[in-house]
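For the numbers below, each heavy atom of this structure counts, side chains included, while hydrogens, waters and symmetry mates do not.
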Amino acid sequence: MYAIIECGGKQQRVEVGSHIYVEKLPGEADSEVTIDKVLFISDGKKNTVGKPYIEGANVKAKIEKQGKEKKVVVFKYKPKVNERTKTGHRQPYTELVIESINNK
């Protein structure tokens, strides 16, 4: 059984027991999160498609950890003007472990 969910403006395919990385969600490690934006559920025999979401369906997940990705360096340069700017960015993320997929 698998589902396609929307979290942080992105769609991801999830199964029970899978680890996924999503945009930062509020909450501490080892706390429960319920995602209600379920777009598609398949159990191998029957497929359920939402318009755009499936009513009553949800995915329960546990927050494994909160963290930051590797630094992305942004370097802006203009020749002949001695203009240089170097900045970095680390995007925060949340690692989730999918515990259950509920359809209505």
Any donor-acceptor pair under 3.5 Å from Gln66 side chain to Pro92 backbone = no
ask   = Where do Ser100 and Val16 come nearest, in terms of heavy atoms and distance?
value = CA-CG2, 4.3 Å
task = Might you point out which heavy atoms bring Val38 and Ile35 nearest each other, and give the distance in Å?
result = CG2-O, 4.0 Å
ask   = Does the Arg13 side chain pair with the main chain of Ile4, one donor and one acceptor, at a distance under 3.5 Å?
value = no
key: Ile63 with Val22, same ILVMFWY side-chain cluster at under 4.5 Å   = yes
message = Counting neighbours of CD on Glu28 that are heavy atoms of other residues, nucleotides or ligands and sit closer than 6.0 Å, is the number greater than 12?
response = no
request  = Test side-chain contact (heavy atoms from CB on, under 4.5 Å) on Tyr93 and Lys65 and set out the steps.
outcome  = CA-CA 9 Å; Tyr93 69 85; Lys65 71 173 185 174; 3.3 Å; yes
task = Quick one: do Leu25 and Leu96 satisfy side-chain contact (heavy atoms from CB on, under 4.5 Å)? Show the steps, please.
result = CA-CA 10 Å; Leu25 297 174; Leu96 298 177; 4.1 Å; yes
key: Heavy-atom closest contact (Glu15 atom, Ile98 atom, distance)   = O-CB, 3.3 Å
inquiry  = Parallel, tilted or perpendicular, judged at 30° and 60°: which one describes the rings of Tyr2 and Phe40?
reply    = tilted
request  = Could you pull out the closest heavy-atom pair between Pro52 and Leu39, with the gap in Å?
outcome  = O-CD2, 3.1 Å
remark   = Shortest non-hydrogen pair, Thr94 vs Glu23, comes out as OG1-O, 3.9 Å
